[in-house]
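Below is one structure, written out as structure tokens; comments come after it.
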Protein chains: 2
Amino acid sequence: MSATIRDIKEQTGLALATISKYLNGGNVLPENRIKIEAAIKDLNYEVNEIARGLVTNKTRTVGVMVYGIDSLFNGTLLKYISEYLRKNGYGMLICASDNDEELEAKNLKFLVSKKVDGIIVIPVSTNSDFLLPAKNANVPVVLVDRSLADETYDCVKIDNRSSAYRAVNYLIEQNHKKIAVISSEVEYTGEERFKGYMDAMEKAGIPVKEEYKCCGTHSMEYGSEAMNRLMRLSDPPTAVFMTNYEITLGAVMVLNDMGKRIPDDVSLLGFDDLILSHLMKPDISVVIQPMKEMGEKAAEIILKKIKGSDEMPAEIVLGTRFSPGDSIRKL
Amino acid sequence: MSATIRDIKEQTGLALATISKYLNGGNVLPENRIKIEAAIKDLNYEVNEIARGLVTNKTRTVGVMVYGIDSLFNGTLLKYISEYLRKNGYGMLICASDNDEELEAKNLKFLVSKKVDGIIVIPVSTNSDFLLPAKNANVPVVLVDRSLADETYDCVKIDNRSSAYRAVNYLIEQNHKKIAVISSEVEYTGEERFKGYMDAMEKAGIPVKEEYKCCGTHSMEYGSEAMNRLMRLSDPPTAVFMTNYEITLGAVMVLNDMGKRIPDDVSLLGFDDLILSHLMKPDISVVIQPMKEMGEKAAEIILKKIKGSDEMPAEIVLGTRFSPGDSIRKL
DNA sequence: CCGCACAAGTGAAACGTTTCGCTCTTTCAT
DNA sequence: ATGAAAGAGCGAAACGTTTCACTTGTGCGG
């Protein structure tokens with residue numbers, strides 16, 4: 001079907017080794033270079049990456065696992081990762097864990113069986129057991145957005161706790177006292193941001209009612225449910241801090257359904273600057289994550305590790321920016 | 001490093017061919033089956049997919065190219081495609097064309113060079129030239145969402161023209177006459193939906209002012225720009241039909257910025273039911289595409305073709321549903 | 001003019017599977 | 001009893017590269 005290095009050998013009379021050397025950037029005599037290049041053009045030759053992979057034990061492919069391809073946060077990250085990898089000649093094999101630890105473990109094995117050279121993952125599990133197959137197969141791993149409780153892996157994330165702290169503090173500065181939080185539990189980012197919220201409240205000396213603390217799944221559904229409950233309290237909060245995009249979506253939906261007005265009826269503070277904030281009638285106030293930097297950094301690190309750098313695993317913590325929209329009323 | 005079939009040969013005393021046969025589901029004597037299975041467990045053996053790929057000339061990987069991973073429409077489609085492929089043991093290599101024909105052609109070649117077994121693509125180009133490398137390499141292709149002008153490929157899409165027709169007709173039934181359209185040009189879906197709009201207007205005998213026809217790029221930016229222009233006309237439309245999700249996002253943003261109220265100041269009709277419609281204060285009226293069916297069908301077809309079915313290429317046209325929200329005022 | 005260093009080229013082995021064509025054994029209908 | 005058919009196993013070749021260890025050739029300093 002397609003031409004092989006052997007066909008080039010026939011046409012040029014050179015040895016396989018010489019041609020291979022040329023293909024891999026080695027030096028050959030000018031006259032031979034010309035012959036080879038002519039033959040390549042003639043025969044429409046292209047390296048068979050599989051055969052190459054068999055001997056080099058490299059596929060030039062990186063596996064990426066996120067919790068949902070249709071989550072805008074994931075999609076945005078994937079875009080930047082993909083661009084960086086493509087620019088460097090690497091392909092990107094994608095899996096979704098669907099927020100399910102079991103599926104996450106299964107898909108990780110799948111990626112390893114596909115012989116990817118490295119893996120980038122937004123982990124759903126909180127400990128590192130599921131990464132064992134990668135470790136055993138010597139496949140480097142980089143975490144994004146979340147780190148694990150039990151072991152240090154290379155990781156690119158933001159300063160969740162202090163970002164949340166500063167944002168909630170802004171609410172307090174606007175004289176809010178009855179501040180509720182809707183957060184995801186078990187999950188790393190949710191927990192950290194929740195801590196940041198608590199930090200701010202404690203520091204300000206504001207006691208937090210139990211019914212103001214809502215912790216559930218990372219989903220629109222939970223966002224709706226929690227916001228609905230909050231709004232029906234006999235003493236509802238004047239402001240709500242939502243710790244991720246999906247929860248924010250759900251919460252905003254339910255407010256619209258209830259006919260609540262922002263920020264007149266309730267002030268809103270969210271995470272992630274993903275279009276939504278610009279679409280809503282009042283711009284939602286959000287903590288902005290450096291998505292591009294995050295994605296590119298993760299891709300950069302995984303490539304570095306693939307190329308054999310054996311620096312110690314390190315956590316890279318990127319800064320965030322707070323963007324006050326008009327969803328917060330000064331009391 | 002990891003065990004090979006040869007190690008199993010040593011441990012069991014069987015021939016490579018026998019073991020290979022077992023691995024591929026062939027029959028072996030019960031006693032040998034037991035020996036092999038024990039050895040596999042012992043040695044923690046796993047097939048090396050690359051070596052297998054070299055001889056079978058299959059990678060069990062499908063390439064998917066969309067115009068933007070961070071577009072919710074694409075992300076949703078990718079999710080369903082990915083799920084179907086994963087369930088069938090196939091991996092998914094993703095590329096983004098970024099709405100750029102040149103990049104699209106380049107990435108297609110990249111996917112072919114990665115030896116994917118098949119390619120699913122939402123094409124950006126309008127003719128099939130860029131698919132030539134796939135054709136030459138005998139890699140089957142399935143188009144999604146859009147077909148090409150010059151050649152028939154397998155394709156899964158919706159009845160764009162009549163869906164648009166019916167939706168615009170609804171506007172007309174609500175006594176709107178000054179109906180504008182914001183559409184993407186050059187692009188297949190945009191053009192078809194634009195035609196559907198024109199069909200409805202013509203059939204109703206409503207002349208369409210030139211300044212009501214806005215055709216530009218498939219982007220939020222263009223949506224904003226066009227809506228802004230429409231609203232500043234001396235005789236602005238009472239309703240606007242937007243032919244895709246990105247344009248709708250941009251248009252809604254600008255309306256919010258201008259403080260225009262929906263549907264009091266202007267009625268809105270969009271395409272694609274992607275969260276946005278539920279988030280906006282008034283539910284936006286939209287044409288709903290069967291995303292799941294579309295993605296799964298495309299994946300199903302590509303697998304069928306990979307397995308060697310040589311049915312003629314066919315276009316599968318799925319139906320849509322119109323969901324009237326409260327973004328349309330009855331005049 | 002010798003010998004050495006270095007550049008370029010080479011044949012063969014290796015990577016880990018699948019597959020082809022063959023043999024051997026068993027079964028079963030005649 | 002016999003021969004054909006079917007089931008199981010086997011050795012070796014093939015897939016298309018890279019890489020290793022080696023040879024050849026060239027130029028240059030002493």
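Every chain is numbered from 1, with letters handed out A, B, ... down the list of sequences.
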Around A/E315, counting heavy atoms of other residues, nucleotides and ligands shown, do more than 12 lie under 6.0 Å from its CD? yes
Could you tell me how far apart A/R33 (CZ) and C/dA8 (P) are, to the nearest whole angstrom? 10 Å
Heavy-atom neighbours of B/E83 CD exceed 12 at 6.0 Å: yes
How long is the line joining CD1 of A/I5 and P of D/dT19, in whole Å? 11 Å
Measure the distance from CG on A/L29 to P on C/dC6 and round it to the nearest whole Å. 18 Å
Would A/R33 count as a cation-pi partner of A/Y22, with NZ or CZ less than 6.0 Å from the six-membered ring centre and within 45° of the ring normal? no
Roughly how many Å is it from OH in B/Y22 to P in C/dT18, rounded to a whole number? 13 Å
Would you mind reading off the distance between A/L23 atom CG and D/dT19 atom C1', rounded to a whole angstrom? 14 Å
Nearest 0.5 Å please: distance from the CG atom of B/L303 over to the CG atom of B/L85. 5.5 Å
Run through B/I5, B/D7, B/I8 and flag the one making a side chain to side chain contact (heavy atoms under 4.5 Å, CB included) with B/I40. B/I8
Between P on D/dT19 and CD1 on A/I19, what's the gap in Å once rounded to a whole number? 15 Å
Taking atom types as modelled, is there a side-chain donor on A/D70 or B/T76 under 3.5 Å from an acceptor on the other? no
Is the phosphate of C/dA8, meaning OP1 or OP2, less than 4.0 Å from a side-chain N or O of A/N27? yes
Classify the nucleic acid contact of A/N57 as base, sugar-phosphate or nothing, counting any heavy atom under 4.0 Å across all strands shown. nothing
Among residues 39-54 of chain B, which ones have heavy-atom contacts with DNA chain D below 4.0 Å? B/L54
Once you round to the nearest 0.5 Å, how far does NZ of A/K115 lie from CG of A/D117? 10.5 Å
With a cut-off of less than 4.0 Å, is there a side-chain N or O of B/T4 near OP1 or OP2 of C/dG16? no
Looking at A/N24, I'd like to know whether one of its side-chain N or O atoms comes within less than 4.0 Å of OP1 or OP2 on D/dT18. yes
N/O to N/O distances under 3.5 Å, protein versus nucleotides 10-13 of chain D:
| from | atom 1 | to | atom 2 | distance (Å) |
| --- | --- | --- | --- | --- |
| D/dC10 | OP2 | B/A15 | N | 2.9 |
| D/dC10 | OP2 | B/T18 | OG1 | 2.9 |

Atom-to-atom span, NZ of A/K35 to C1' of C/dG9 - whole angstrom: 12 Å
Would you find more than 12 non-hydrogen atoms of other residues, nucleotides or ligands less than 6.0 Å from B/K307 atom NZ? yes
Verify the neighbour count for atom CD of B/E102: are there more than 12 heavy atoms of other residues, nucleotides or ligands below 6.0 Å? no
